[in-house]
Amino acid sequence: MLPDDIVLEELMRLSKSVFVNREVLRPDYVPEKLPHREEQIRRLTQILAPLVRGERPSNVFIYGLTGTGKTAVTRYVLMKIKEYVEGRGPGFIYVYVNCRHDDTTYRVLARIADALGERVPFTGLSTAEVFSRVKAAIERFGGVVVVVLDEIDFLVKKHGDELLYRLTRINGELRRGKVTLIGITNDVSFVERLDARVMSSLGEVELVFPPYTAEQLTDILKERAEKAFRPGTLAPGVIEYCAAVAAKEHGDARRALDLLRVAGEIAEREGAEKVTVDHVKRARQEIELDTVSEVIKTLPYHGKLVLAALLVLGGKAQSTGDLYIAYRQICRALGTEPVTQRRVSDLVGELDMLGIVTARVISKGRYGKTRVIALTVSPETVKKVLSVEEGLREVLA
DNA sequence: CGTCCACAGGAATGACGGGCGG
DNA sequence: CCGCCCGTCATTCCTGTGGACG
(Lines give C-alpha, C1' and ligand atoms only; values in the text may rest on other atoms or scores of the structure.)
Protein backbone atom coordinates (compact mmCIF):
# COMPACT_ATOMS: atom_id res chain seq x y z
CA MET A 1 0.00 0.00 0.00
CA LEU A 2 1.32 3.42 -0.95
CA PRO A 3 1.82 5.97 1.79
CA ASP A 4 -0.70 8.18 0.01
CA ASP A 5 -3.31 5.50 0.26
CA ILE A 6 -2.63 5.03 3.92
CA VAL A 7 -3.11 8.71 4.55
CA LEU A 8 -6.28 8.83 2.49
CA GLU A 9 -7.70 5.76 4.10
CA GLU A 10 -6.95 7.06 7.54
CA LEU A 11 -8.52 10.42 6.74
CA MET A 12 -11.60 8.71 5.39
CA ARG A 13 -11.87 6.65 8.50
CA LEU A 14 -11.41 9.60 10.79
CA SER A 15 -13.87 11.75 8.91
CA LYS A 16 -16.46 9.07 9.47
CA SER A 17 -15.67 8.82 13.16
CA VAL A 18 -18.30 10.05 15.54
CA PHE A 19 -15.51 11.51 17.65
CA VAL A 20 -13.54 14.63 17.10
CA ASN A 21 -11.67 14.32 20.38
CA ARG A 22 -12.53 11.49 22.66
CA GLU A 23 -9.89 12.45 25.23
CA VAL A 24 -12.31 15.05 26.51
CA LEU A 25 -14.47 12.24 27.87
CA ARG A 26 -11.70 10.47 29.72
CA PRO A 27 -11.81 10.49 33.51
CA ASP A 28 -8.41 12.15 33.98
CA TYR A 29 -9.15 15.01 31.63
CA VAL A 30 -9.25 18.32 33.44
CA PRO A 31 -11.78 20.47 31.58
CA GLU A 32 -11.61 24.22 31.19
CA LYS A 33 -15.12 24.52 32.49
CA LEU A 34 -16.48 22.78 35.55
CA PRO A 35 -20.21 23.46 35.53
CA HIS A 36 -21.99 23.63 38.89
CA ARG A 37 -18.76 23.61 40.87
CA GLU A 38 -18.20 27.36 40.92
CA GLU A 39 -18.69 27.58 44.66
CA GLN A 40 -16.15 24.85 45.41
CA ILE A 41 -13.61 26.39 43.03
CA ARG A 42 -13.99 29.73 44.74
CA ARG A 43 -13.63 28.27 48.23
CA LEU A 44 -10.62 26.15 47.36
CA THR A 45 -8.91 29.06 45.65
CA GLN A 46 -9.45 31.21 48.73
CA ILE A 47 -8.03 28.50 50.92
CA LEU A 48 -4.97 27.94 48.76
CA ALA A 49 -4.33 31.61 47.99
CA PRO A 50 -1.37 31.87 50.42
CA LEU A 51 0.61 29.81 47.90
CA VAL A 52 0.88 32.93 45.77
CA ARG A 53 2.93 34.56 48.51
CA GLY A 54 4.93 31.40 49.12
CA GLU A 55 3.14 30.81 52.38
CA ARG A 56 1.63 27.62 53.65
CA PRO A 57 -2.16 27.25 53.27
CA SER A 58 -4.24 25.37 55.82
CA ASN A 59 -4.71 21.66 55.40
CA VAL A 60 -7.94 20.86 53.59
CA PHE A 61 -10.31 17.97 53.91
CA ILE A 62 -12.63 17.33 51.01
CA TYR A 63 -15.69 15.08 51.07
CA GLY A 64 -18.01 14.01 48.31
CA LEU A 65 -19.13 10.84 46.59
CA THR A 66 -17.27 9.47 43.59
CA GLY A 67 -17.59 11.52 40.44
CA THR A 68 -18.64 14.73 42.14
CA GLY A 69 -15.67 16.65 40.81
CA LYS A 70 -13.41 16.59 43.86
CA THR A 71 -10.34 15.51 42.01
CA ALA A 72 -11.00 17.61 38.94
CA VAL A 73 -11.60 20.77 40.96
CA THR A 74 -8.53 20.20 43.12
CA ARG A 75 -6.26 19.62 40.16
CA TYR A 76 -7.81 22.48 38.27
CA VAL A 77 -7.33 25.00 41.04
CA LEU A 78 -3.78 23.87 41.78
CA MET A 79 -2.91 23.97 38.09
CA LYS A 80 -4.28 27.49 37.75
CA ILE A 81 -2.48 28.75 40.82
CA LYS A 82 0.70 27.19 39.58
CA GLU A 83 0.31 28.95 36.23
CA TYR A 84 -0.40 32.21 37.99
CA VAL A 85 2.59 31.93 40.28
CA GLU A 86 4.97 30.97 37.48
CA GLY A 87 7.75 33.51 37.26
CA ARG A 88 5.92 35.78 39.64
CA GLY A 89 7.05 34.60 43.01
CA PRO A 90 8.29 31.64 44.95
CA GLY A 91 7.11 28.41 43.37
CA PHE A 92 5.51 25.48 45.07
CA ILE A 93 5.41 21.78 44.35
CA TYR A 94 2.29 19.77 44.28
CA VAL A 95 2.04 16.02 44.53
CA TYR A 96 -1.02 14.06 43.61
CA VAL A 97 -1.34 10.62 45.18
CA ASN A 98 -4.20 8.28 44.57
CA CYS A 99 -4.32 6.13 47.68
CA ARG A 100 -6.47 3.52 46.00
CA HIS A 101 -3.56 2.78 43.76
CA ASP A 102 -0.76 3.64 46.16
CA ASP A 103 -2.27 2.17 49.26
CA THR A 104 0.75 1.68 51.47
CA THR A 105 2.71 4.09 53.59
CA TYR A 106 5.76 3.25 51.58
CA ARG A 107 4.24 3.92 48.18
CA VAL A 108 2.69 7.20 49.23
CA LEU A 109 6.04 8.40 50.55
CA ALA A 110 7.76 7.18 47.40
CA ARG A 111 5.32 9.27 45.35
CA ILE A 112 6.10 12.37 47.35
CA ALA A 113 9.82 11.71 47.07
CA ASP A 114 9.46 11.23 43.35
CA ALA A 115 7.76 14.59 42.89
CA LEU A 116 10.60 16.22 44.80
CA GLY A 117 13.09 14.68 42.43
CA GLU A 118 14.33 12.15 44.95
CA ARG A 119 14.59 8.72 43.37
CA VAL A 120 13.40 6.02 45.71
CA PRO A 121 13.53 2.32 44.87
CA PHE A 122 10.34 0.34 44.41
CA THR A 123 10.97 -1.54 47.60
CA GLY A 124 13.87 -2.50 49.77
CA LEU A 125 14.12 0.53 52.03
CA SER A 126 12.50 0.86 55.41
CA THR A 127 9.64 3.33 55.55
CA ALA A 128 11.55 5.28 58.17
CA GLU A 129 14.37 5.71 55.69
CA VAL A 130 12.04 6.92 52.94
CA PHE A 131 10.38 9.30 55.36
CA SER A 132 13.64 10.93 56.33
CA ARG A 133 14.62 11.16 52.67
CA VAL A 134 11.37 12.94 51.93
CA LYS A 135 12.04 15.30 54.79
CA ALA A 136 15.52 16.02 53.53
CA ALA A 137 14.19 16.63 50.03
CA ILE A 138 11.57 19.07 51.32
CA GLU A 139 14.23 20.98 53.26
CA ARG A 140 16.40 21.12 50.18
CA PHE A 141 13.50 22.51 48.17
CA GLY A 142 12.60 24.95 50.91
CA GLY A 143 9.18 25.98 49.60
CA VAL A 144 5.63 24.80 50.13
CA VAL A 145 4.79 21.24 49.13
CA VAL A 146 1.13 20.52 48.59
CA VAL A 147 0.33 16.86 49.01
CA VAL A 148 -3.02 15.74 47.64
CA LEU A 149 -4.09 12.41 49.08
CA ASP A 150 -7.00 11.27 46.99
CA GLU A 151 -9.22 8.43 48.23
CA ILE A 152 -7.40 8.70 51.52
CA ASP A 153 -9.81 6.26 53.16
CA PHE A 154 -8.15 3.38 51.30
CA LEU A 155 -4.84 4.14 52.90
CA VAL A 156 -6.27 4.48 56.38
CA LYS A 157 -8.40 1.35 56.09
CA LYS A 158 -5.39 -0.74 55.23
CA HIS A 159 -2.62 0.81 57.23
CA GLY A 160 -4.14 3.10 59.81
CA ASP A 161 -3.53 6.78 60.29
CA GLU A 162 0.09 6.64 61.31
CA LEU A 163 1.38 8.19 58.11
CA LEU A 164 -1.28 10.86 58.31
CA TYR A 165 -0.31 11.61 61.86
CA ARG A 166 3.32 11.95 60.93
CA LEU A 167 2.56 14.11 57.91
CA THR A 168 0.37 16.45 59.91
CA ARG A 169 3.22 16.91 62.36
CA ILE A 170 5.98 17.20 59.80
CA ASN A 171 5.98 21.00 59.73
CA GLY A 172 7.24 21.05 63.29
CA GLU A 173 10.20 18.90 62.33
CA LEU A 174 11.23 20.78 59.22
CA ARG A 175 13.85 23.48 59.39
CA ARG A 176 13.01 24.73 55.91
CA GLY A 177 10.00 24.17 53.71
CA LYS A 178 6.37 23.48 54.60
CA VAL A 179 3.77 20.88 53.80
CA THR A 180 0.08 21.39 53.16
CA LEU A 181 -2.15 18.34 53.03
CA ILE A 182 -5.29 18.01 50.98
CA GLY A 183 -7.20 14.88 51.93
CA ILE A 184 -9.96 13.68 49.67
CA THR A 185 -12.45 10.97 50.55
CA ASN A 186 -15.78 9.68 49.34
CA ASP A 187 -16.43 7.75 52.50
CA VAL A 188 -18.05 9.98 55.07
CA SER A 189 -18.08 7.38 57.85
CA PHE A 190 -14.33 7.24 57.50
CA VAL A 191 -13.98 10.48 59.41
CA GLU A 192 -15.28 8.87 62.58
CA ARG A 193 -12.56 6.27 62.57
CA LEU A 194 -9.83 8.85 62.27
CA ASP A 195 -7.77 9.80 65.29
CA ALA A 196 -9.08 13.08 66.71
CA ARG A 197 -5.64 14.68 66.63
CA VAL A 198 -5.19 13.82 62.97
CA MET A 199 -8.68 14.98 62.12
CA SER A 200 -8.35 18.33 63.85
CA SER A 201 -5.14 18.95 61.96
CA LEU A 202 -6.15 17.58 58.59
CA GLY A 203 -9.57 19.15 58.73
CA GLU A 204 -8.41 22.70 59.39
CA VAL A 205 -10.73 23.57 56.55
CA GLU A 206 -13.41 21.35 55.08
CA LEU A 207 -15.06 21.36 51.72
CA VAL A 208 -18.13 19.40 50.68
CA PHE A 209 -19.01 18.33 47.15
CA PRO A 210 -22.68 17.44 46.81
CA PRO A 211 -23.75 14.88 44.16
CA TYR A 212 -24.87 16.20 40.80
CA THR A 213 -28.51 16.12 39.85
CA ALA A 214 -29.61 14.66 36.53
CA GLU A 215 -29.99 18.18 35.13
CA GLN A 216 -26.51 19.16 36.21
CA LEU A 217 -25.09 16.00 34.72
CA THR A 218 -26.85 16.85 31.49
CA ASP A 219 -25.09 20.22 31.47
CA ILE A 220 -21.73 18.61 32.08
CA LEU A 221 -22.25 16.05 29.36
CA LYS A 222 -23.44 18.65 26.85
CA GLU A 223 -20.41 20.73 27.56
CA ARG A 224 -18.04 17.85 26.94
CA ALA A 225 -19.98 16.24 24.13
CA GLU A 226 -19.66 19.43 22.13
CA LYS A 227 -15.90 19.04 22.14
CA ALA A 228 -15.82 15.28 21.88
CA PHE A 229 -18.28 14.47 19.09
CA ARG A 230 -18.81 15.65 15.56
CA PRO A 231 -21.92 17.80 15.34
CA GLY A 232 -25.10 15.86 14.86
CA THR A 233 -23.70 12.46 15.77
CA LEU A 234 -25.63 12.13 19.02
CA ALA A 235 -29.17 10.85 18.65
CA PRO A 236 -31.73 12.79 20.67
CA GLY A 237 -32.04 11.66 24.27
CA VAL A 238 -28.61 10.05 24.48
CA ILE A 239 -27.17 12.64 26.83
CA GLU A 240 -30.29 12.70 28.96
CA TYR A 241 -30.23 8.92 29.19
CA CYS A 242 -26.60 8.86 30.31
CA ALA A 243 -27.35 11.57 32.85
CA ALA A 244 -30.35 9.70 34.19
CA VAL A 245 -28.43 6.46 34.61
CA ALA A 246 -25.56 8.20 36.40
CA ALA A 247 -27.91 10.26 38.55
CA LYS A 248 -29.39 7.06 39.87
CA GLU A 249 -25.90 5.97 40.83
CA HIS A 250 -25.43 8.83 43.29
CA GLY A 251 -24.85 11.57 40.71
CA ASP A 252 -21.55 10.24 39.48
CA ALA A 253 -20.21 12.38 36.63
CA ARG A 254 -17.39 10.01 35.89
CA ARG A 255 -19.85 7.22 35.29
CA ALA A 256 -21.88 9.46 33.00
CA LEU A 257 -18.83 10.42 30.96
CA ASP A 258 -17.62 6.83 30.73
CA LEU A 259 -21.03 5.79 29.53
CA LEU A 260 -21.03 8.40 26.82
CA ARG A 261 -17.49 7.65 25.69
CA VAL A 262 -17.94 3.89 25.55
CA ALA A 263 -21.27 4.30 23.75
CA GLY A 264 -19.42 6.39 21.19
CA GLU A 265 -16.72 3.78 20.86
CA ILE A 266 -19.26 1.05 20.28
CA ALA A 267 -21.02 3.14 17.66
CA GLU A 268 -17.73 3.81 15.96
CA ARG A 269 -16.68 0.19 15.98
CA GLU A 270 -19.88 -0.64 14.16
CA GLY A 271 -19.39 2.21 11.73
CA ALA A 272 -22.69 3.71 12.86
CA GLU A 273 -23.49 7.28 11.82
CA LYS A 274 -25.02 8.18 15.14
CA VAL A 275 -24.71 7.24 18.77
CA THR A 276 -28.05 5.93 19.99
CA VAL A 277 -29.61 5.09 23.33
CA ASP A 278 -29.17 1.46 22.45
CA HIS A 279 -25.42 2.02 22.20
CA VAL A 280 -25.52 3.46 25.69
CA LYS A 281 -27.34 0.42 27.00
CA ARG A 282 -24.71 -1.83 25.55
CA ALA A 283 -22.02 0.45 26.92
CA ARG A 284 -23.41 -0.21 30.37
CA GLN A 285 -22.93 -3.92 29.95
CA GLU A 286 -19.50 -3.52 28.48
CA ILE A 287 -18.36 -1.28 31.31
CA GLU A 288 -19.67 -3.70 33.87
CA LEU A 289 -17.85 -6.57 32.21
CA ASP A 290 -14.65 -4.56 32.14
CA THR A 291 -14.75 -3.49 35.76
CA VAL A 292 -15.73 -6.94 36.95
CA SER A 293 -12.95 -8.69 35.05
CA GLU A 294 -10.49 -6.06 36.19
CA VAL A 295 -11.47 -6.65 39.80
CA ILE A 296 -11.50 -10.41 39.51
CA LYS A 297 -8.09 -10.42 37.89
CA THR A 298 -6.51 -8.90 40.98
CA LEU A 299 -8.29 -11.23 43.37
CA PRO A 300 -6.41 -13.98 45.19
CA TYR A 301 -7.35 -17.46 44.07
CA HIS A 302 -9.59 -18.16 47.05
CA GLY A 303 -11.27 -14.82 46.53
CA LYS A 304 -12.39 -16.11 43.16
CA LEU A 305 -13.66 -19.30 44.74
CA VAL A 306 -15.63 -17.30 47.30
CA LEU A 307 -17.20 -15.38 44.46
CA ALA A 308 -17.99 -18.63 42.69
CA ALA A 309 -19.64 -19.88 45.87
CA LEU A 310 -21.80 -16.77 45.98
CA LEU A 311 -22.78 -17.41 42.38
CA VAL A 312 -23.80 -20.96 43.21
CA LEU A 313 -26.02 -19.54 45.96
CA GLY A 314 -27.78 -17.41 43.36
CA GLY A 315 -25.83 -14.22 44.00
CA LYS A 316 -26.79 -13.79 47.64
CA ALA A 317 -25.95 -15.39 50.95
CA GLN A 318 -27.89 -14.94 54.17
CA SER A 319 -24.79 -15.36 56.29
CA THR A 320 -21.05 -15.72 56.08
CA GLY A 321 -21.54 -19.25 57.42
CA ASP A 322 -23.79 -20.21 54.49
CA LEU A 323 -21.30 -18.80 52.07
CA TYR A 324 -18.48 -20.64 53.77
CA ILE A 325 -20.30 -23.96 53.41
CA ALA A 326 -20.85 -23.37 49.70
CA TYR A 327 -17.24 -22.32 49.37
CA ARG A 328 -16.02 -25.54 50.97
CA GLN A 329 -18.11 -27.55 48.57
CA ILE A 330 -16.44 -25.82 45.66
CA CYS A 331 -13.05 -26.52 47.18
CA ARG A 332 -13.97 -30.17 47.52
CA ALA A 333 -15.10 -30.33 43.90
CA LEU A 334 -11.81 -28.82 42.81
CA GLY A 335 -9.69 -30.83 45.21
CA THR A 336 -8.36 -27.62 46.75
CA GLU A 337 -7.56 -27.12 50.40
CA PRO A 338 -10.00 -24.49 51.77
CA VAL A 339 -8.86 -21.47 53.77
CA THR A 340 -10.30 -20.66 57.19
CA GLN A 341 -13.57 -18.87 57.74
CA ARG A 342 -11.67 -15.95 59.21
CA ARG A 343 -9.86 -15.56 55.93
CA VAL A 344 -13.08 -15.87 53.92
CA SER A 345 -14.50 -13.11 56.08
CA ASP A 346 -11.65 -10.87 54.96
CA LEU A 347 -12.10 -11.89 51.35
CA VAL A 348 -15.76 -10.92 51.56
CA GLY A 349 -14.68 -7.59 52.97
CA GLU A 350 -12.35 -7.17 50.04
CA LEU A 351 -15.09 -7.95 47.54
CA ASP A 352 -17.24 -5.40 49.32
CA MET A 353 -14.55 -2.75 49.11
CA LEU A 354 -14.06 -3.44 45.44
CA GLY A 355 -17.76 -2.82 44.99
CA ILE A 356 -18.79 -6.03 43.32
CA VAL A 357 -20.56 -7.26 46.43
CA THR A 358 -22.38 -5.62 49.34
CA ALA A 359 -21.85 -7.07 52.79
CA ARG A 360 -24.11 -5.59 55.49
CA VAL A 361 -23.69 -6.62 59.09
CA ILE A 362 -27.00 -7.57 60.63
CA SER A 363 -27.98 -9.06 63.92
CA LYS A 364 -30.40 -11.95 64.03
CA GLY A 365 -30.67 -11.61 67.78
CA ARG A 366 -30.64 -14.94 69.49
CA TYR A 367 -29.38 -16.44 66.25
CA GLY A 368 -26.22 -14.44 66.16
CA LYS A 369 -24.69 -11.65 64.19
CA THR A 370 -23.46 -12.03 60.66
CA ARG A 371 -23.20 -10.35 57.27
CA VAL A 372 -25.75 -10.59 54.50
CA ILE A 373 -23.85 -10.73 51.26
CA ALA A 374 -25.22 -9.89 47.83
CA LEU A 375 -23.75 -9.46 44.39
CA THR A 376 -24.07 -5.91 43.05
CA VAL A 377 -23.36 -6.80 39.45
CA SER A 378 -25.18 -9.17 37.15
CA PRO A 379 -24.45 -12.86 37.84
CA GLU A 380 -24.00 -13.53 34.12
CA THR A 381 -21.13 -11.08 33.97
CA VAL A 382 -19.36 -12.67 36.92
CA LYS A 383 -20.01 -16.12 35.54
CA LYS A 384 -18.55 -15.15 32.21
CA VAL A 385 -15.39 -13.84 33.81
CA LEU A 386 -14.97 -16.67 36.30
CA SER A 387 -15.45 -19.38 33.71
CA VAL A 388 -12.02 -18.59 32.34
CA GLU A 389 -10.60 -19.88 35.60
CA GLU A 390 -9.24 -23.42 35.73
CA GLY A 391 -12.00 -25.93 36.38
CA LEU A 392 -14.56 -23.35 37.49
CA ARG A 393 -16.64 -23.59 34.32
CA GLU A 394 -17.80 -27.07 35.29
CA VAL A 395 -18.40 -26.19 38.91
CA LEU A 396 -20.59 -23.25 37.93
CA ALA A 397 -22.63 -25.21 35.43
C1' DC B 1 -33.55 -8.04 81.61
C1' DG B 2 -29.75 -11.00 81.11
C1' DT B 3 -28.00 -14.64 78.02
C1' DC B 4 -25.84 -16.32 74.31
C1' DC B 5 -25.55 -17.14 69.25
C1' DA B 6 -22.72 -16.53 65.04
C1' DC B 7 -20.20 -14.34 63.67
C1' DA B 8 -17.28 -9.39 63.06
C1' DG B 9 -13.04 -7.95 63.06
C1' DG B 10 -8.38 -6.76 65.78
C1' DA B 11 -3.62 -8.55 66.84
C1' DA B 12 0.20 -11.34 66.41
C1' DT B 13 2.67 -14.32 63.63
C1' DG B 14 4.74 -16.73 59.76
C1' DA B 15 5.90 -18.44 55.11
C1' DC B 16 7.22 -16.71 50.84
C1' DG B 17 8.98 -14.07 46.85
C1' DG B 18 10.97 -9.70 45.27
C1' DG B 19 14.24 -6.04 45.49
C1' DC B 20 17.75 -3.17 47.27
C1' DG B 21 22.17 -1.35 49.79
C1' DG B 22 26.46 -2.49 51.06
C1' DC C 1 26.24 -12.44 47.65
C1' DC C 2 24.03 -11.54 52.30
C1' DG C 3 20.97 -9.38 55.28
C1' DC C 4 17.20 -6.56 55.56
C1' DC C 5 12.78 -4.88 54.46
C1' DC C 6 8.76 -4.95 51.90
C1' DG C 7 3.78 -6.66 50.46
C1' DT C 8 0.69 -10.61 50.15
C1' DC C 9 -1.77 -14.52 51.67
C1' DA C 10 -2.88 -17.08 55.23
C1' DT C 11 -3.29 -18.98 60.16
C1' DT C 12 -4.35 -18.87 65.18
C1' DC C 13 -6.25 -16.82 69.01
C1' DC C 14 -8.89 -13.48 70.53
C1' DT C 15 -12.41 -9.92 72.32
C1' DG C 16 -16.69 -7.56 71.07
C1' DT C 17 -21.69 -7.18 70.08
C1' DG C 18 -27.11 -6.45 68.48
C1' DG C 19 -30.99 -8.20 69.67
C1' DA C 20 -34.49 -12.46 69.86
C1' DC C 21 -35.31 -15.69 73.14
C1' DG C 22 -36.22 -17.47 77.59
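Proteins come first, then strands; the chains are lettered A, B, ... in the order of their sequence lines, and each starts at number 1. Every value quoted in this text rests on a predicted model; they were computed, and no experiment measured them.
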Practice item. Whenever both distances are under 3.5 Å in a Watson-Crick or G-U wobble pair, mark it; put DNA chain C into dot-bracket that way, with [ ] for crossing pairs and | when the partner is on another strand. Key: ||||||||||||||||||||||
Review point. Tell me, which of residues 320-341 of chain A have any heavy atom that sits under 4.0 Å from an atom in DNA chain C?
Key: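 Those residues whose heavy atoms fall under 4.0 Å from DNA chain C, taken from residues 320-341 of chain A in numerical order, are A:P338, A:V339, A:T340.
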Rounding to an integer number of Å, can you tell me how far [X] [atom1] sits from [N] [atom2]?
X      : N      : atom1 : atom2 : value
A:F131 : C:dC5  : CZ    : C1'   : 18 Å
A:L109 : C:dG7  : CG    : P     : 11 Å
A:L299 : C:dA10 : CG    : P     : 10 Å
A:D346 : B:dC7  : CG    : P     : 15 Å
A:E350 : C:dG7  : CD    : P     : 16 Å
A:R360 : B:dA8  : CZ    : P     : 14 Å
A:R371 : B:dC5  : CZ    : C1'   : 17 Å

Less than 4.0 Å between a side-chain N and a carboxylate O, is that true for [Y] and [X]?
X      : Y      : answer
A:R343 : A:E337 : no
A:E286 : A:R269 : yes
A:E173 : A:R169 : yes

Check your understanding: How about A:F19 and A:F229: are their ring centroids closer than 6.0 Å?
Key ->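 Between A:F19 and A:F229, the centre distance is under 6.0 Å.
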Check your understanding: Do you know the tightest heavy-atom contact between A:C99 and A:E151?
Key ->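 Looks like CB-O, 3.3 Å.
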Exercise for review: Write down the atom of A:I239, the atom of A:A225, and the distance for their closest heavy-atom approach.
Suggested key: CD1-CB, 3.9 Å
**Study point:** Connected-component partners of A:V361 among ILVMFWY, side-chain separation under 4.5 Å
**Key:**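 Members besides A:V361: none; it forms no cluster.
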Side-chain donor-acceptor pairs of residues 78-85 of chain A under 3.5 Å, sequence neighbours excluded:
| from | atom 1 | to | atom 2 | distance (Å) |
| --- | --- | --- | --- | --- |
| A:K82 | NZ | A:F92 | O | 2.6 |

Revision key, fill the gap. Each nucleotide of nucleotides 13-22 of chain C classed B (base within 4.0 Å of a protein heavy atom), S (only sugar-phosphate) or -, in 5' to 3' order, makes B---BBBBS-
Review point. Is the backbone N or O of A:T213 less than 3.5 Å from a side-chain atom of A:Q216, with the two atoms forming a donor-acceptor pair by type?
Key: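 Flag set: sc A:Q216 to bb A:T213 pair under 3.5 Å.
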Point to revise | Atom NZ of A:K227 with >12 non-hydrogen neighbours under 6.0 angstrom | key: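 More than 12 within 6.0 Å, yes.
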Pairs under 3.5 angstrom only: tabulate donor-acceptor contacts from the side chains of residues 251-258 of chain A to other protein residues two or more places apart or in another chain.
| from | atom 1 | to | atom 2 | distance (Å) |
| --- | --- | --- | --- | --- |
| A:D252 | OD1 | A:R254 | N | 2.9 |
| A:D252 | OD1 | A:R255 | N | 3.1 |
| A:R255 | NH1 | A:E249 | OE1 | 3.1 |
| A:D258 | OD1 | A:R261 | NH2 | 3.1 |

